[in-house]
Amino acid sequence: MRWTINGAEVDETVDVRTSLLDLLRERLHLFGAKKGCDQGACGACTVLVDGRRINSCLALAVQYQGREIVTIEGLGAPGALHPLQKAFVEHDGFQCGYCTPGQICSAVAMASELRDGAPSYVTEDLTAETIDVTPEEVRERMSGNLCRCGAYNGIVDALTETYAPAAEADKREAA
Amino acid sequence: MSLVQDTLQAVMKKAIALAPDGFIPGGHPDPLIHHKHGLIGAPVSRIDGPLKVSGKAAFAAEFPVDGMAYAALKYSSIPRGRIAELDTRAAEAAPGVVLVMTHKNAPRLQPMPPFMSQPKAAGGDDVPVMQDDQVHWNGQPVALVLAETQEQADHARSLIRVAYEAGHGVTALAEAKANGSEPGLFQGEPLKLDLNDAEDKLAAAPHKVDVRYTTPRHSHNPIELHAATVYWEGDALRVHDATQAVDHAAWTLAQVFGLREEQVHVTSPYVGGGFGSKTLWQHQILAAAASRLAGRPVRIMLSREGVYRIVGGRTITEQRVAIGAQDDGTFDALIHTGTVAMTPHNNMPEPFILPARSAYASRSFLLDVETVKLNMVANTFMRAPGESVGTFGLECAVDELAHAMNIDPIELRIRNEPEKDPTTGLPFSSRLIVEAWRRGAERFGWSKRGAPGARREGEWLVGLGCATATYPYYRMPGGAARITLTRDGRATISISAHEMGMGTSTAQTQVAAERLGLTMEQVTFAYGDNTLPGVVLAGGSQQTAAIGAAVSAAQRQLFETLLQLAGNDSPLAGLKPDEVGGSDGGLGKLDEPQIFESYASILQRAQRESVTAEAEAPPPLELQHWSMHSHGAMFCEVRVSTVTGEVRVNRFLGVFDCGRIINAKTARSQFRGGIVMGLGLALMEETQFDERSGRIMNPSLAEYHVPVHLDVPEIDAIWLDEPDPHTPMGARGVGEIGITGVGAAVANAVFNATGKRVRDLPITLDKLL
């Protein structure tokens with residue numbers, strides 16, 4: 001079985017029951033994706049598959065062969081952090097840090113959903129080509145990622161700081 | 001306790017209360033209180049932040065070990081009785097299975113000494129751990145499977161067949177109450193206080209409220225599942241745990257396995273949230289027992305359902321709050337009594353009366369927590385045990401009285417502000433709640449609050465509410481720390497404390513750097529390991545003070561040694577430890593800073609590579625000498641849909657009086673995090689318990705609702721930052737106060753919006769339709 005994980009080809013044979021999350025954690029020792037419920041209810045296991053966010057605990061590894069998977073380890077590392085990772089540190093968008101990789105992976109995909117104009121429950125203009133990164137959009141779209149420490153305010157600040165200026169710049173360019 | 005012991009203790013208590021301040025820890029203010037422009041209070045980002053945001057911080061289930069086997073637990077499905085048949089043959093024959101452990105083959109183990117029964121006891125319950133056929137609660141582990149992979153272990157577990165002979169379990173609260181109650185005992189003292197005939201004074205008072213409130217069971221639900229990686233090295237037990245009590249866990253495991261404490265090594269560098277739940281429960285013991293039996297390292301990670309089955313949460317409370325008042329609003333009587341559920345196998349009477357002991361002046365008090373026993377998973381400590389639910393009853397009742405008397409609820413609180421502790425008579429160490437109320441009222445726009453039901457915006461009714469937050473200052477005995485200073489001017493602080501996200505490692509690095517006159521980069525804070533000095537539980541919001549006092553003691557020892565090493569050739573010759581302070585990488589005379597020698601120079605002349613000092617913190621006598629509490633003024637604005645009854649929180653403000661704040665960034669997160677958990681308590685959280693079977697019915701994050709992003713508005717958390725003169729660094733701890741008062745602030749806002757009082761948490765929409 002083959003996957004592309006964080007840009008590298010990975011070849012492993014796993015039980016058909018093995019979730020993508022357990023492949024990452026137990027076989028590949030990529031512990032950045034966290035297990036918080038194993039039921040798709042908390043979002044701690046969020047990773048990117050072909051640029052979209054999924055709950056890796058609800059995905060069987062065998063289903064995702066040949067796909068491009070990015071985990072938190074593929075976004076940045078200490079010393080070379082992704083801008084969003086830096087913003088999480090700056091805005092204290094976490095306390096214990098357990099839900100954090102999932103929040104960050106989820107947010108990266110959320111930003112592209114907004115760029116692509118995928119509407120949400122709080123979007124007023126459903127026909128807009130792109131949707132602004134507002135605190136309300138962020139709150140709605142990130143509600144699948146639970147944070148029991150309650151660092152939500154810091155997470156929203158980190159996301160709007162990272163993505164709102166980019167959205168503004170995109171708009172200026174388009175104009 | 002004997003009469004002699006009782007008397008002795010009472011005499012000691014009186015002597016400590018009456019002793020001169022100078023004899024008491026905190027009698028001389030910590031010199032750090034006067035450091036105004038340094039690291040103390042600075043909004044420093046978390047030092048472990050880069051590791052956490054990149055997934056590199058290793059949690060308990062993230063230590064791969066060669067030859068490791070995975071565990072899965074099978075839980076009982078009856079609340080009381082015995083296991084009549086246990087068929088494990090199919091499981092044993094399943095692929096990959098290494099071991100099936102039941103009471104028939106488990107090694108002989110002693111029960112866990114339960115939490116608070118002895119200084120380092122950490123057990124959640126004290127029933128035998130898989131030693132016999134008895135079932136004590138619905139969800140008790142009855143079998144453990146070890147297999148090569150988690151998938152194989154989970155599958156084999158599903159093949160185990162258990163037949164039970166049901167006994168009589170007490171699972172309904174009404175039956176438990178009918179069986180009789182016992183007074184709650186907390187920290188060795190009964191949760192009872194009867195001062196000046198409160199019932200008579202209530203009856204005679206011209207104004208009164210007398211109401212009942214209930215709060216449901218709650219589950220901590222840290223996002224990290226309870227987990228451990230466990231193995232034996234000969235007769236020594238090694239545990240990578242997720243715990244807020246490394247020393248307690250190690251000592252308790254030693255009792256269970258008949259080992260010396262030194263044979264157990266527990267580390268827990270990162271904990272994915274605890275909130276009171278990450279102590280010792282049966283899973284670590286079962287994993288260690290299975291590891292011994294199989295001769296293999298074991299990884300155990302409970303499923304989310306498993307956490308609900310074997311890790312207890314906060315118990316239910318039924319509270320009566322009655323307040324009698326004079327025409328001017330001053331209280332004649334304050335009555336807070338009620339019943340909580342516990343189990344036959346633990347002792348944690350949710351102490352909901354604690355806030356009423358010191359929040360208000362009153363001419364009489366009647367406080368009482370009665371306990372009844374249910375066969376259920378042992379309830380335990382959860383963020384602000386007592387205060388979080390006790391402030392719901394108390395602070396709603398104050399609001400009800402204010403409404404009945406047509407007095408502003410903030411004004412009513414201020415009129416009942418005590419000058420000294422109203423039930424112990426001790427002076428307050430520092431108490432600024434009135435200031436917090438004044439500042440908060442202005443910032444929140446409290447004066448714009450209208451009559452109940454008066455403000456309507458479209459389908460929404462909008463209202464404001466407020467409540468007092470309160471949590472005591474604690475410092476538990478056992479703190480000790482080691483400081484190692486090396487010739488290159490670096491220091492390592494070692495103490496067996498914990499980092500669960502509170503910001504401990506960052507804040508304590510700031511404190512140590514400030515004390516020693518080093519930069520944060522020059523200081524390493526080592527923690528989360530029971531082999532380090534001290535016994536420092538991450539509980540009771542006490543770590544900041546406990547670590548502060550221990551490091552302060554070690555620092556004094558270090559300075560003494562350095563001055564000896566410096567000798568007569570040093571500019572510091574002849575100075576005493578109290579006369580010098582750490583600055584610019586060395587020691588300087590406090591009032592003449594130019595009299596100075598660097599640490600490097602002292603060590604070089606003494607031909608030493610390093611110097612180490614270790615000291616114990618003094619016993620926490622300050623707790624019996626002053627009444628020491630943090631406070632907060634909590635403000636909430638809600639909107640309630642007239643169509644669906646849904647409650648949304650528009651705004652929230654907390655103004656905190658918690659002494660000096662060490663790190664403005666991480667402290668704000670602690671306040672906000674507590675408030676967010678309080679919004680959950682107010683509006684959605686309930687561990688549903690089937691009174692017929694004793695089974696928890698919503699053991700998942702899909703069915704137990706915690707606040708999500710969209711439930712949480714921007715939360716305004718500010719603080720007065722006035723140092724408490726009698727605590728280390730002037731700080732009082734910030735971990736738990738944020739959850740207190742929130743339930744009442746929300747409920748009072750809902751009343752102001754709708755005119756409806758909801759006295760039973762959580763305030764779900766069905767209660768407002």
Side-chain angles (χ1 to χ4, degrees), chain A residues 15 17-18 22 25-26 29-42 44 71-73 75-79 81-82 84-86 88-90 92-101 104 122 135-136 138-156, chain B residues 45-46 48-59 61-62 64 70 149-152 154-155 220-225 270-275 301 303-304 499-503 665-666 668-670 672-677 679 700-702 706-715 738:
Chain A
D15 196 320
R17 296 169 296 191
T18 303
D22 282 339
R25 286 175 64 84
E26 303 305 330
H29 298 162
L30 291 168
F31 291 114
K34 302 298 183 192
K35 190 178 279 188
C37 70
D38 221 16
Q39 297 173 315
C42 77
T71 70
I72 192 73
E73 289 92 344
L75 288 179
L81 295 177
H82 183 281
L84 184 61
Q85 290 173 318
K86 282 188 193 161
F88 263 68
V89 175
E90 176 58 29
D92 218 27
F94 57 95
Q95 291 200 265
C96 76
Y98 198 79
C99 75
T100 314
I104 292 172
V122 300
E136 202 59 5
V138 168
R139 286 195 184 104
E140 161 59 15
R141 289 165 189 269
M142 292 295 293
S143 281
N145 288 85
L146 305 183
C147 171
R148 188 56 160 163
C149 298
Y152 293 128
N153 285 177
I155 296 171
V156 172
Chain B
S45 292
R46 287 169 201 273
D48 51 11
L51 283 177
K52 285 181 172 177
V53 298
S54 56
K56 301 274 189 220
F59 291 86
E62 298 172 359
Y70 292 81
T149 70
Q150 191 69 55
E151 293 82 13
Q152 291 169 333
D154 290 344
H155 174 64
H220 312 76
N221 277 316
I223 302 296
E224 182 199 23
L225 296 161
Y270 298 102
V271 182
F275 316 114
M301 182 180 232
S303 63
R304 183 55 64 180
E499 172 64 272
M500 305 191 286
M502 307 85 86
K665 190 177 285 193
T666 55
R668 176 171 280 115
S669 292
Q670 282 283 62
R672 283 173 160 175
I675 290 166
V676 171
M677 203 176 273
L679 296 179
S700 80
L701 287 168
V706 303
V708 303
H709 272 282
L710 197 59
D711 296 319
V712 178
E714 176 83 10
I715 292 168

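A note on names: the letters A, B, ... follow the listed sequences, proteins ahead of strands, and every chain is numbered from 1.
Taking 4.0 Å as the cut-off between side-chain N and carboxylate O, Glu62(B) and Lys34(A) count as a salt-bridged pair. Under a 4.0 Å N-O distance rule, the pair Arg46(B)/Glu90(A) does not qualify as a salt bridge.
Residue Arg141(A) does not touch chain B at all, counting heavy-atom pairs closer than 4.5 Å. Of the atoms belonging to Lys665(B), heavy atoms from both backbone and side chain fall under 4.5 Å from chain A. With a 4.5 angstrom heavy-atom cutoff, Leu81(A) touches chain B only via side-chain atoms. Contact annotation for Ala151(A): neither backbone nor side-chain heavy atoms come within less than 4.5 Å of a heavy atom of chain B. Proximity to chain A is limited to the side chain of Val676(B), based on heavy atoms less than 4.5 angstrom apart. Proximity to chain B involves both the backbone and the side chain of Glu140(A), based on heavy atoms less than 4.5 angstrom apart.
Remark: side-chain polar atoms of Glu224(B) are not paired, donor with acceptor, to backbone N or O of Tyr98(A) under 3.5 angstrom. A donor-acceptor pair under 3.5 Å is absent between the side-chain atoms of Arg672(B) and the main chain of Asn153(A), judged by distance alone. Panel note: side chain Tyr152(A), backbone Glu714(B); no donor-acceptor pair is recorded below 3.5 Å.
Proximity of Ser54(B) to Gln85(A): side-chain heavy atoms (C-beta onward) are separated by under 4.5 Å at one or more points. Contact check for Ile223(B) versus Cys147(A): no side-chain heavy atoms found under the 4.5 Å cut-off. Side-chain contact between Gln95(A) and Met500(B) is absent, with no heavy-atom pair separated by less than 4.5 Å. The shortest side-chain heavy-atom distance between Asp22(A) and Glu151(B) falls under the 4.5 Å cut-off. In this structure, the side chains of Lys35(A) and Leu225(B) come closer than 4.5 Å at one or more pairs of heavy atoms.
The ring-ring contact (aromatic ring centres under 6.0 Å, His included) check on His155(B) picks up nothing, with sequence neighbours excluded. Remark: Lys52(B) engages Asp48(B) in a salt bridge (charged side-chain N to carboxylate O under 4.0 Å, His left out) (not counting sequence neighbours).
For chain A, the option among Met502(B), Gln150(B), Met301(B), Lys56(B) with the highest count of heavy-atom pairs below 4.5 Å is Met301(B). Of the listed residues (Val89(A), Asp38(A), Thr100(A), Ile104(A)), the one with the most heavy-atom contacts under 4.5 Å to chain B is Val89(A). Options Ile72(A), Asp92(A), Ile155(A), Val156(A) differ in how many heavy-atom pairs under 4.5 Å they form with chain B, and the most are formed by Asp92(A). Contact tally against chain B (heavy-atom pairs below 4.5 Å) for Cys37(A), Ala41(A), Pro78(A): the top residue is Pro78(A).
Phe31(A) and Phe59(B) have their aromatic ring centers separated by at least 6.0 angstrom.
The two residues Gly55(B) and Pro101(A) have their closest heavy-atom pair at CA-CG, 4.1 Å.
Using a 3.5 Å distance cut-off with no hydrogens or angles, the side chains of Arg148(A) and Asn221(B) do not pair a donor with an acceptor.
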